[in-house]
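Okay, so here's the structure we're looking at.
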Amino acid sequence: MKQQYSGATFSKTAPYYDVIYGGRNTEHDARIIIRHLSYALSHIKHPRLLDLGCGTGAHDVEFWRGGYDVTGVDKSDAMIREAEKKAAAAHANISYVTRDFLSYAPAVRYDAAVSLFDVLSYMTTNEQVTAYFSAVSTLLKPNGVFMFDCWYGPGVLLSQPKIIKRSYQSADFTVIRTKTPSVSYENNTVTVRHALTIEKEGKAVSRFREDHILRYFFYPEIKQFAEKAGLRITSWGLLDFPLRKAPPASWSVYFAARKMP
Ligand SMILES: C[S@@+](CC[C@H](N)C(=O)[O-])C[C@H]1O[C@@H](n2cnc3c(N)ncnc32)[C@H](O)[C@@H]1O
């Protein structure tokens, strides 16, 4: 079955993304990721870091504060515009590019790359996953470091995705979101239908739907996909320094990898 990631998927959500996902502590997560990257790159003064699928740039200002020369790439222009606002508000010198990272071909190579909050899971076919690791490998310098996360097969299957309805409040509006999942055991994917209502002063001003198709992964396949692209997994587990062994019920896991010289 052919499944496509739609570049428009995040375009409708972009203005509400930071309100919906505001419960994450991305600054804290970014600081842990910096410890991993800096441990591996201690010999480099001002390392060049690429954030693949940077979205609204949730981690990027913290990376920049940590001394990294940050470039974010995302195929959703609406997400990139939110990221640019965030960088401008923090007076952070971060470069943003609207592009499909699978065909991103800058003149430079990076010391480090990150791809955070399930970006890999949006690569649903084997061809896309192969292209993803190959793109990362090409973009990194030899010995470059890569950190990423994705949905973890055991956790998804043990937890059984359920319908979730929640509301999120900002100063100006309320977002009410219902997520309805359906699992494809054949493709290792979950199609999650997001139905959103935006309310202002108690009145619905907009309603829309987005389908997100995400793939869950198992460790041996990640290892194989990465190695085929010349990337060696150096550790994996829950985000901490070092990464902590993931219990089987974990919904998502992090991986650290190194480009083989
Ligand atoms: C769940 S969001 C994560 C955003 C951000 N990393 C964060 O932590 O909030 C996934 C992002 O990946 C981007 N994305 C997915 N496939 C992509 C591709 N092939 N090229 C560029 N961006 C992509 C989407 O546009 C979206 O912004």
Side-chain angles (χ1 to χ4, degrees), residues 3-34 49-64 68 70-87 94-106 110 112-136 138-139 146-152 168 177 179 181 189-192 194 196 210-217 229 239 251-255:
Q3 290 173 345
Q4 288 293 335
Y5 167 75
S6 155
T9 301
F10 284 91
S11 302
K12 289 185 203 158
T13 321
Y16 312 109
Y17 186 89
D18 287 339
V19 173
I20 296 172
Y21 297 107
R24 295 187 292 162
N25 192 344
T26 49
E27 287 182 10
H28 173 258
D29 293 353
R31 284 196 289 271
I32 297 177
I33 292 163
I34 289 171
L49 170 69
L50 181 64
D51 185 351
L52 295 107
C54 60
T56 61
H59 305 84
D60 294 339
V61 169
E62 205 55 34
F63 291 142
W64 174 79
Y68 284 76
V70 184
T71 299
V73 58
D74 200 287
K75 70 197 291 184
S76 164
D77 194 40
M79 296 290 262
I80 288 288
R81 272 184 269 126
E82 296 297 322
E84 283 171 341
K85 279 188 222 163
K86 212 171 275 151
I94 298 174
S95 308
Y96 283 110
V97 184
T98 302
R99 190 78 47 86
D100 184 332
F101 52 61
L102 298 180
S103 56
Y104 181 53
Y110 295 86
V114 294
S115 192
L116 304 168
F117 203 41
D118 312 324
V119 176
L120 168 60
S121 284
Y122 283 89
M123 309 292 115
T124 54
T125 64
N126 286 346
E127 291 75 18
Q128 287 171 328
V129 179
T130 302
Y132 171 89
F133 283 110
S134 162
V136 172
T138 305
L139 288 160
F146 180 39
M147 282 202 78
F148 62 101
D149 62 354
C150 63
W151 279 15
Y152 184 46
Y168 307 88
R177 184 179 69 167
K179 294 199 291 179
T189 57
V190 184
T191 298
V192 188
H194 292 207
L196 286 96
E210 282 186 346
D211 282 350
H212 292 243
I213 307 171
L214 289 107
R215 176 166 170 172
Y216 48 88
F217 290 92
L239 189 60
W251 188 278
S252 77
V253 280
Y254 282 79
F255 294 83

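FYI, side chains are in, hydrogens and waters are out, and symmetry mates aren't considered; it's all heavy atoms of this structure. Order of listing sets the numbers, starting from 1, for every ligand and every atom in it.
Taking only nitrogen or oxygen atoms, main chain and side chain alike, M123 does not reach within less than 3.5 Å of ligand 1. On a distance-only criterion, L116 and ligand 1 share at least one N/O pair closer than 3.5 Å. Polar contact check, F101 against ligand 1: a nitrogen or oxygen pair lies under 3.5 Å apart. Checked by distance only, ligand 1 and D100 come closer than 3.5 Å through their nitrogen or oxygen atoms. Among the atoms of Y122, none of the N or O lies under 3.5 angstrom from an N or O of ligand 1.
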- Message: Quick one, I80 with C54, criterion side chain to side chain contact (heavy atoms under 4.5 Å, CB included). Give me CA distance, side-chain angles, the key distance, then yes/no.
- Response: CA-CA 8 Å; I80 288 288; C54 60; 3.7 Å; yes
- Determine, stepwise, if the pair L120 / F133 fulfils side chain to side chain contact (heavy atoms under 4.5 Å, CB included). CA-CA 9 Å; L120 168 60; F133 283 110; 4.0 Å; yes
- Task: Take F217 and F255, measure what side chain to side chain contact (heavy atoms under 4.5 Å, CB included) needs, and give me the verdict at the end.
- Result: CA-CA 12 Å; F217 290 92; F255 294 83; over 6 Å; no
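Residue C54 touches ligand 1 through its backbone alone, judged by heavy-atom distances below 4.0 Å. For R24, every heavy-atom contact with ligand 1 shorter than 4.0 Å involves the side chain, none the backbone. Under 4.0 angstrom from ligand 1, the non-hydrogen atoms of K75 come from both its backbone and its side chain.
Paired with I94 under the rule side chain to side chain contact (heavy atoms under 4.5 Å, CB included), one option of L49, D51, V61, T71 passes, and it is V61. Screening W151, Y216, F117 against W251 for a ring pair (Phe, Tyr, Trp, His ring centres under 6.0 Å) leaves a single residue, W151. Only one option out of D18, I20, L196 pairs with Y168 in a side chain to side chain contact (heavy atoms under 4.5 Å, CB included); it is I20.
In this comparison of F10, Y17, Y132, the heavy atom closest to atom 7 (C) of ligand 1 sits on Y17.
Heavy-atom contacts of M79 reach the following atoms of ligand 1: 27 (O) (cutoff under 4.0 Å). Atoms of ligand 1 found under 4.0 Å from any heavy atom of R99 (numbered from 1 in listed order, with element): 20 (N), 21 (C). Shown in contact with H59 at under 4.0 Å from a heavy atom are these atoms of ligand 1, numbered in order with element: 8 (O).
Between Y132 and F101, the ring centre distance stays below 6.0 Å.
For the 3.5 Å distance criterion, the side chains of D77 and T98 qualify, holding a donor opposite an acceptor.
Within 6.0 Å of the CZ atom in R177, the count of heavy atoms belonging to other residues, nucleotides or ligands exceeds 12.
Assignment of Q128 to the shell around ligand 1 is not supported, since no heavy atom sits closer than 4.0 Å.
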